[in-house]
2 protein chains.
Amino acid sequence: MLHIFHDYLHAKFPITEQEFALIEQVAIQRRLRKRQYLLQEGDVWKYDAFVCKGLMRTYRVDDKGQEHIIQFCPENWWTGDRQSYVTGEPARYNIEAYEDSEVILIPKADFREIRMKIPALNNFIFDLLERSFIALQNRVNSNIMHTAEEKYAQFLKTYPDMSNRVPLHMIASFLGITPETLSRVRSHQLKK
Amino acid sequence: MLHIFHDYLHAKFPITEQEFALIEQVAIQRRLRKRQYLLQEGDVWKYDAFVCKGLMRTYRVDDKGQEHIIQFCPENWWTGDRQSYVTGEPARYNIEAYEDSEVILIPKADFREIRMKIPALNNFIFDLLERSFIALQNRVNSNIMHTAEEKYAQFLKTYPDMSNRVPLHMIASFLGITPETLSRVRSHQLKK
DNA sequence: TTACAGCCTTGACATTTGTCAAGGTTTTTT
DNA sequence: AAAAAACCTTGACAAATGTCAAGGCTGTAA
């Protein structure tokens with residue numbers, strides 16, 4: 001599992017083997033079966049998590065018991081609850097494996113130390129956060145200026161492979177529409 | 001104008017006068033009258049911008065000519081188009097002064113250099129980005145799980161002073177609803 | 001195999017939100 | 001002061017989306 005992370009980092013910025021060893025020392029490897037949880041609402045999230053394999057979903061449950069998916073996280077992406085991570089508050093999100101997965105966890109304090117020792121890593125993480133920010137902003141955009149149909153079309157364009165990996169009702173949840181509406185939007189698009 | 005930025009930074013993290021002088025050397029001070037633009041769609045955004053005074057709005061225009069407000073930025077906040085900044089693409093957003101404003105611009109290349117020279121600044125900017133990310137994520141949340149009425153209630157809670165500074169139709173635009181819907185939501189809330 | 005659970009679709013109907021048009025008020029400009 | 005523009009509200013109606021219920025399909029478990 002670690003070699004995937006190793007290759008990923010090497011592809012992203014120059015990192016020596018000595019530097020990678022620092023990460024290796026503190027990395028926690030975790031295998032998750034489908035439906036196992038990485039984080040449950042109420043717990044405090046204290047890691048940086050890299051998904052080597054599989055697919056995680058982050059969701060939240062509202063007062064009516066409805067699930068709302070905030071993020072899909074496939075292999076080679078990072079996941080976690082940044083709000084809980086930063087503030088120390090209990091998480092409002094659940095993170096669950098939707099496929100059998102392999103995840104590397106790096107405890108917050110360790111990761112901070114290592115980032116300070118490896119400036120290139122620190123810069124990379126900064127870039128990553130910047131890109132996540134941009135992605136989120138585009139999503140807000142999509143939410144406030146598009147109809148259900150346009151949002152779905154944009155989803156397909158932005159995450160083309162995701163549509164094969166998760167059921168439609170989860171895509172609906174991610175988009176903030178009901179499964180019925182998504183179903184109708186789709187049958188409408190077919191007619192074109 | 002610079003002293004406001006000076007005080008802001010001092011309040012946020014320890015910074016020496018020598019360090020601040022580095023920033024001062026490259027800082028561009030700009031005064032904007034209401035309705036003047038800081039950025040226009042199509043231009044490339046190359047600054048980090050701190051608002052000392054006033055209020056900026058970032059918005060986008062869709063195919064039908066409709067404006068959609070992405071961000072309000074009052075004094076003591078940072079603004080800009082991060083997508084254009086990071087990728088070098090032409091901006092899709094407009095940034096306009098909604099009140100007479102004073103803004104400090106720091107060119108991207110200079111800011112990067114200074115951040116590398118002042119680790120505490122770099123860490124602070126990282127924290128800031130992290131918090132912006134969290135705020136955006138909460139907004140996505142609100143968008144996908146709430147009705148117009150709930151979104152407005154949450155807006156009032158999250159940005160209590162903003163409701164006194166901008167007209168209602170701009171709040172509607174920010175929330176992704178029509179002014180008429182907002183008006184009805186408000187009259188409905190009064191009845192409670 | 002049978003039974004079951006999860007998933008997707010469809011129809012009928014309710015609710016929410018958008019659109020268009022009008023009017024009144026306030027603010028800004030001339 | 002007068003005129004114009006911006007802003008907010010309201011009504012009537014249309015369109016989009018949600019809710020509820022039913023049914024069929026598919027893959028998995030017993």
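Lettering of chains follows the sequences in order, A, B, ..., and the numbering in each one begins at 1. Just so you know, these numbers use all the heavy atoms, side chains as well, and skip hydrogens, waters and symmetry mates.
Taking atom NZ on B/K151 and atom C1' on C/dT17, their separation rounds to 10 Å, with Å as the unit. Between A/H146 atom NE2 and C/dG18 atom P the separation is 15 Å, expressed in whole Å. In this structure, B/L182 atom CG and D/dT9 atom P are separated by 7 Å, rounded to whole Å. Look at NE2 on A/H68: it is 11 Å from P on D/dG18, rounded to the nearest Å. At whole-Å resolution of the value, OH in A/Y152 and P in C/dT9 are 9 Å apart. Counting to the nearest Å, the C1' atom of D/dT17 and the CZ atom of A/R186 are 18 Å from each other. Atom CD1 of B/I177 and atom C1' of D/dT9 are 14 Å apart (whole Å). Rounded to whole angstrom, the span from the CD atom of A/E67 across to the P atom of C/dC7 amounts to 10 Å.
A salt bridge links B/E130 to A/R82: one of the charged nitrogens lies within less than 4.0 Å of a carboxylate oxygen. Look at A/R30 and A/E102 and you find no salt bridge, because none of the NZ, NE, NH1 or NH2 atoms lies under 4.0 Å from a carboxylate O. Taking 4.0 Å as the cut-off between side-chain N and carboxylate O, A/E150 and A/K157 do not count as a salt-bridged pair. Checked for salt-bridge contact, B/R57 and B/E96 meet the test: a charged N lies under 4.0 Å from a carboxylate O. Checked for salt-bridge contact, B/D100 and B/K34 miss the test: no charged N lies under 4.0 Å from a carboxylate O.
Judged by the 6.0 Å distance and 45° axis criteria, B/R139 is positioned over the aromatic ring of B/F174. For the pair A/R35 and A/Y98, the cation-pi criterion (under 6.0 Å, within 45° of the ring axis) is not fulfilled.
Residue A/R131 qualifies as open at atom CZ: its count of foreign heavy atoms under 6.0 Å is 12 or below.
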Please tabulate, one pair per line, each protein N/O and nucleotide N/O from nucleotides 10-12 of chain C that are separated by under 3.5 Å, including the distance.
unit_1	atom_1	unit_2	atom_2	d
C/dG11	N7	A/R184	NH2	2.7
C/dG11	O6	A/R184	NH2	3.0
C/dA12	N6	A/R184	NH2	3.3

N/O donor to acceptor pairs below 3.5 angstrom from side-chain atoms of residues 7-21 of chain B, sequence neighbours left out:
unit_1	atom_1	unit_2	atom_2	d
B/Y8	OH	B/W78	NE1	3.0
B/H10	NE2	B/H6	NE2	3.2
B/H10	NE2	B/E17	OE2	3.2
B/T16	OG1	B/E19	N	3.1
B/T16	OG1	B/E19	OE1	3.4
B/E17	OE1	B/H6	NE2	3.1
B/E17	OE2	B/H6	NE2	3.2
B/E19	OE1	B/T16	N	3.0

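Comparing B/V185 and B/K34 by the nucleotide of DNA chain C whose heavy atom lies nearest to each, the residue mapping closer to the 5' end is B/V185.
Close to C/dT16, at under 4.0 Å from its OP1 or OP2, lies no side-chain N or O of B/T147. Checking the phosphate oxygens (OP1, OP2) of D/dT17, no side-chain nitrogen or oxygen of A/T178 falls inside 4.0 Å.
Scanning residues 165-175 of chain B for heavy-atom distances under 4.0 Å to DNA chain D yields B/P167, B/L168, B/H169.
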